Amino acid sequence: MDSNTLQKVTLNPRQQEAVLHTEGPLLILAGAGSGKTRVLTHRAAYLISQGVKPWNILAITFTNKAAAEMRERIDQIVGMGSDSIWVSTFHSLCVRILRRFIDRIGFDPSFSIYDADDQKSVMKDVCKKLEIDTKLTKERTLLAAVSRAKDELVSPEEMALNAGNDFYARRTAEAYQEYQAQLRRNNALDFDDLIMKTVELFQDCPEVLDHYQERFRYIMVDEYQDTNTAQFRLVSLLASKYRNLCVVGDDDQSIYRFRGANIRNILDFEKVFPDAKVIKLEQNYRSTANILNAANDVIRNNAGRKDKRLWTENGDGAPVHLRQFQNGFEEAEYIIGNIRSHIEKGEAEYKDHAILYRTNAQSRLFEEKLIYANIPYKLIGGVNFYARKEIKDLLAYLKTVDNGRDELAVRRIINVPKRGIGATTLARVSDYAAAYGISFYDALLRADEIPGIGRGSAKVLPFTVLIQTLRAKQGNISVSELLEAVIEETGYVKELELEATEEARARIENIDELISKIRDYDENAENPSLSGFLEEVALVADIDNLEEESNRVVLMTLHSAKGLEFPYVYMAGMEEGLFPSYMSIMADNPKEEIEEERRLCYVGITRAKKELTLTAARQRMIRGEIQYNQTSRFIREIPQECLDEKSESPAKRAREERETRKEKRREAFLEARRDFRAKPFETAPVTVTKADHLEYGVGDRVRHLRFGEGTVLEITEGRKDYEVRVNFDTAGVKKLFASFAKLKKI
DNA sequence: GGTTGGAAACTTTTT
DNA sequence: GTTTCCAACC
C-alpha cells in the first residue's frame, strides 16, 4: 500500500496523516466513533508496505475482544505475514514475556495467576498472621492499597518508607510485604504483578529489555487513556530505543481511574515526548447530530480536558428520548416494550439494542422483564464464569496437578468432596511444611510422618494418590481428558446429580460448558498444555464473550460498553445517587470523582448510533430499601432542543398482585434464567437451538411463565425453530417460538 | 468435623 | 434483597 492507494480506501485527511506518520512518537486523540481502529489497522498495513517486518510490530489493547477484533481486521487488509504481528492485551503480553524470562528475577516460570478471589484468601491469611483486625481494616481496603501501589510501581519497602510514623500506613505496608511473601511461596502472581514484574525484569535485565526493544520496533497502544503508571513505564521502556510509539486514546473516555488509570499519561504525553506529533480525530461516523450534541454538552462541563468537539455529517436524527417513571419496574417495562415495538415493526433486531446501567445490581429487573417478554438477551458482567464455585473447584484440581506449590488451590479442594480432613490436621500439615521448608502439598505426601496427625493421615492418602495418579497421566492425555478424569474420580457431578435442585442443575450445566471450552482449547490452541489453558482462563474478561453474530439484546454496565456501538441505546437509572453514584458525590474530592462519572456518561451516550433513550425512576429499591432520587444532573446538562421529554403514567398493574406472585415468579425466574442466558462458550453463532422434538403436541395443555395456562392450537416447523400457537385461558391466542417460550406440558 | 440458622454487610465500576 | 460469615448445635 502506498500513499496513493491509501486515498482510495476512504480515510479522511486526519486519518491519513495518522497512518502516514510512522517514525517517532505519535499521539492520536480519537474522539468516540472517529474510526480509530480503522486508523490503527491501516497503519499496521502501511508500515508493512513500507518494508517494516510484521514481527517488529506490537499492538496492545485492554481486552481480548479488542485484540481479536484488531487481529481480524489486520488480517483482512494485510494478508501475508499478518499473523506475525503481535496483537495482545497488556496482561497476556506480560505473561508471555514472564514465562520466558521470569527466572532472571528469581521466580519459577510455571507461576500461577491469582484472581480477585484468590487474592482475598491470601490477604485474609495475611491479616490472621499479622493479627490485623479485619473488622477495622477490611481485606478489601488492604488489597486496594496493594493494587494501587503496584499500579504506581511502589514496592513494599518503599511503601514502608513512605509510611513514616503513620500507624495504619505502616500496617498496610507490612501486609503488602507479607502478601507478596505468600504469593511467592505459592509461586503465584496477581494481575498487577504481571505488569509490575515485567517492568522489574526490564529494569534489572538490560539484555532482556534489549531483546524486546529489537523485537518491537513499532508499538501501538489502544485505549491509552486507561493506562496506569506501570503500563506507561512498560511501554516507554519498550519504546525507548526506537521511539516509534503510537498511542491512541480519548481523555474524555478515561473511566478507569479507580483501577489506577492515570489520566496524566494522555494529558502529559507531549511533555514526556516533546517531539510527539499530535493528531485529533473529531469527525464522528457513528451517531446522529442530536446524540453527538448531547454528548458534547455533557462533557463540556468537565475542566482540564483536551479541547475538542465531535462533529458529524450525519443528519440530526431522532431527539434523545427522556422518560421518567414511578419506579424501576415501570422503567424496565417501558424499555422492554420499546424494544419489542421495534422488533414488531420490523425496524430492528434484538442485537441492535443495548441496555446500559451504572451498577450490575440493576440488571435483574431487566432480565425478569425480558424473560416475560420472550426476548433473548445476553448479560455481560456480574459473576465471571470462571469465578463460579463449581468451576473454581475443578480448576483448583487442575492447578494442583499443574503447580504443586499453589497452596490455595490445594486447600480449596482437599475437602471437596468431603474427605473428613479437619482444621487440626491441616494446621499440623502447615506447621510441618513450614518446619521443613517444603510446600503444603509436599507435606501432605509425607502425611504419615507428621506427628500428631493420627488417623488424619489415612484420610489424606486417597487425596494425594488421586493427584499423583493425575500427574502421572498428565502429558499422555489431553487437558479435557484430564478434567474428565477429575470429574470421574471425585464424583463431583454425581454428587450434584443427587442433589437434584435447580441450583445443582445449573452448576452441572456450567461444568458441561467448562468441558466444551477445554475441548475447544485442545482442538484449537497451537500447543495445548495444562498451563496454557489455565493461563488463558485467568486472563479472560466477561466482555470477551460477547459475540456480534448472536441476535440478543445486550445488558451491561456503562464501563463494559466502552468501545462498542449499538443502533438503539437505553441508559437506565439516570438518577442522582445512582449515576452519578452516591460514592462519587460524597467522596473527599467530589469534583474529580464526578468528572469521572461524567466521562462515563459521555461514553454511554456516544455508544448510540441511531436512537438514545435516557430513563429514570422516582423511587427505587436499593438493598431492600426504597430510595427517592432526583433525576441525574447529567440530564440537565443536555440542551433542551435535543431532548424529547415525556412523563409516563403510573403503573397499570396493581402492586398487591406483584407481591402475591413474587414467590412463584422467583422460582420460575431462576429456572428460566438458567436456560435463557446465553452460553458463555457457544461455539456456533446460532441464536436459537431448535429442539429435536417438543414435549407437547397440538391439543396439549401447557403453561407459560407470563401467559399462564393454555391449549396448543398449532405447531409449525420453521427452519430454525418451532413456532407454536397457543390459546391461553386469560391472555388469548399467542404465537411463540418454542426455544424461547419454555412451555411446560401440564 | 459438619450442618444450620440468623445476623451483618453489602454495591460503583474490572483487566 | 442477596450473599457472606460465624456461632451454636448435632
Side-chain angles (χ1 to χ4, degrees), chain A residues 60-67 88-95 113-117 119-120 124 134-135 138-140 143-144 147 150-151 190-195 222-223 226-228 230-231 254-261 328 356-365 368 380-384 386-387 389 414-426 455-456 459 538-544 556-563 573 577-587 593-594 596-597 599-601 603-604 620-627 662-663 666 669-670:
Chain A
I60 308 178
T61 61
F62 273 83
T63 66
N64 296 299
K65 182 172 187 287
S88 171
T89 63
F90 268 107
H91 291 91
S92 49
L93 170 74
C94 289
V95 171
I113 301 167
Y114 275 5
D115 67 11
D117 263 9
Q119 288 178 280
K120 205 174 164 202
K124 217 170 162 180
T134 51
K135 291 237 163 54
K138 302 255 184 340
E139 292 98 330
R140 236 194 22 230
L143 280 170
S147 177
K150 290 179 178 177
D151 288 342
D190 66 19
F191 276 117
D192 303 313
D193 280 336
L194 295 177
I195 314 286
D222 193 12
E223 305 284 11
D226 291 329
T227 50
N228 60 37
Q231 288 161 335
S254 165
I255 53 174
Y256 284 109
R257 204 174 65 128
F258 73 96
R259 216 169 60 189
L356 310 180
Y357 35 79
R358 180 70 236 276
T359 67
N360 277 309
Q362 287 166 260
S363 69
R364 215 194 131 102
L365 274 175
E368 254 180 79
I380 304 282
V383 187
N384 185 318
Y386 291 106
K389 181 184 176 295
I414 193 154
N415 268 318
V416 179
K418 301 272 177 307
R419 296 191 177 88
I421 303 166
T424 335
T425 307
L426 293 178
R455 274 192 307 280
K459 290 176 174 166
L539 299 176
V540 293
D542 207 33
I543 191 75
D544 298 335
M556 63 187 148
T557 61
L558 288 155
H559 281 88
S560 306
K562 191 171 56 111
L578 194 60
F579 188 38
S581 74
Y582 181 76
M583 299 285 268
S584 67
I585 298 170
M586 291 305 164
E593 301 261 329
I594 284 175
E596 172 123 335
E597 298 277 308
R599 290 192 290 270
L600 191 55
C601 183
V603 167
R620 185 180 291 276
M621 271 282 230
I622 293 178
R623 284 191 251 157
E625 268 176 289
I626 295 177
Q627 272 186 18
K662 207 156 71 186
E663 260 314 294
R666 206 188 105 84
F669 167 71
L670 287 173

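Order of the sequence lines fixes the chain letters, A, B, ..., with proteins taken first and strands second; residue numbering starts at 1 for each chain. Computed from a predicted structure; not experimentally measured.
Atom CD1 in A:Ile622 sits about 10 Å away from atom P in B:dT12, given to the nearest Å. Nucleotide B:dT14 holds its C1' atom 13 Å from the CG atom of A:Asn64, rounded to whole Å. Protein atom CD of A:Gln627 is 11 Å distant from nucleotide atom P of B:dT12, rounded to whole Å. Following rounding to the nearest Å, A:Leu578 (CG) and B:dC10 (P) show an atom-to-atom distance of 19 Å. The separation between A:Asp117 atom CG and C:dC5 atom C1' is 15 Å, rounded to whole Å. The distance between atom CG of A:Leu365 and atom P of C:dT2, rounded to the nearest whole Å, is 11 Å. Atom CG in A:Asp226 sits roughly 12 Å away from atom C1' in B:dT13 (whole-Å rounding). Taking atom CE of residue A:Met556 and atom C1' of nucleotide B:dT12, one finds them 17 Å apart after rounding to whole Å.
Going from the C1' atom of C:dC6 to that of B:dT11 covers 22 Å, rounded to whole Å.
Minimum atom distance to the side chain of A:Lys124 is reached by C:dC5, of the listed C:dC5, B:dT14, B:dT11. Nearest to the side-chain atoms of A:Arg358 among the listed nucleotides B:dG1, B:dT13, C:dC5 stands B:dT13. Distance from the side chain of A:Ser581 is smallest to B:dT12 among B:dT14, B:dT15, B:dT12. The A:His91 side chain lies nearest to B:dT15 when the options are B:dT14, B:dT15, C:dG1. When each of B:dT15, B:dT12, B:dT13 is scored by its nearest atom to the side-chain atoms of A:Phe191, the top-ranked nucleotide is B:dT15. Here B:dT12 is the nucleotide among B:dT11, C:dC5, B:dT12 with the atom lying nearest to any side-chain atom of A:Met583.
Base contact: A:Glu597 has a heavy atom under 4.0 Å from a base atom. Nucleic acid contact class of A:Lys138 (heavy atoms, under 4.0 Å, all strands): sugar-phosphate only. Among the heavy atoms of the strands lying under 4.0 Å from A:Asn360 are primed sugar atoms or P, OP1, OP2 only; no base atom is included. In this structure, A:Ser584 reaches neither bases nor backbone, as no heavy-atom distance under 4.0 Å exists between it and the strands shown. Using a 4.0 Å heavy-atom criterion, one finds that A:Ser560 contacts the sugar-phosphate atoms exclusively.
Minimum interatomic distance between A:Ala587 and A:Glu593 (heavy atoms only, all atoms of both residues): CB-CG, 3.6 Å. Of all heavy-atom pairs between A:Asn415 and A:Ile421, the closest is ND2-O, 2.6 Å.
Although no hydrogens or angles enter the test, the distance criterion places a donor-acceptor pair under 3.5 Å between the side chain of A:Glu597 and the main chain of A:Ser581. Remark: the backbone N or O of A:Arg257 is paired with a side-chain donor or acceptor of A:Glu596 at under 3.5 angstrom.
By the 5.5 angstrom centroid cut-off and the 30-degree plane limit, A:Phe258 is classified as stacked against the base of B:dT13.
Residues A:Thr557 and A:Tyr357 meet the side-chain proximity criterion, which asks for heavy atoms closer than 4.5 Å.
Between A:Lys418 and A:Arg259, the residue anchored nearer the 5' end of DNA chain B, judged by the nucleotide with its closest heavy atom, is A:Lys418. Remark on DNA chain B: of its neighbouring residues A:Glu593 and A:Thr425, the 5'-side contact belongs to A:Thr425, judged by nearest-heavy-atom nucleotide.
Residue A:Arg364 places at least one side-chain N or O closer than 4.0 Å to OP1 or OP2 of C:dT2. The phosphate of B:dA9 has neither OP1 nor OP2 within less than 4.0 Å of any side-chain N or O from A:Arg140.
Ring geometry for A:Tyr256 versus A:His559: interplanar angle of 30 to 60°, hence tilted.
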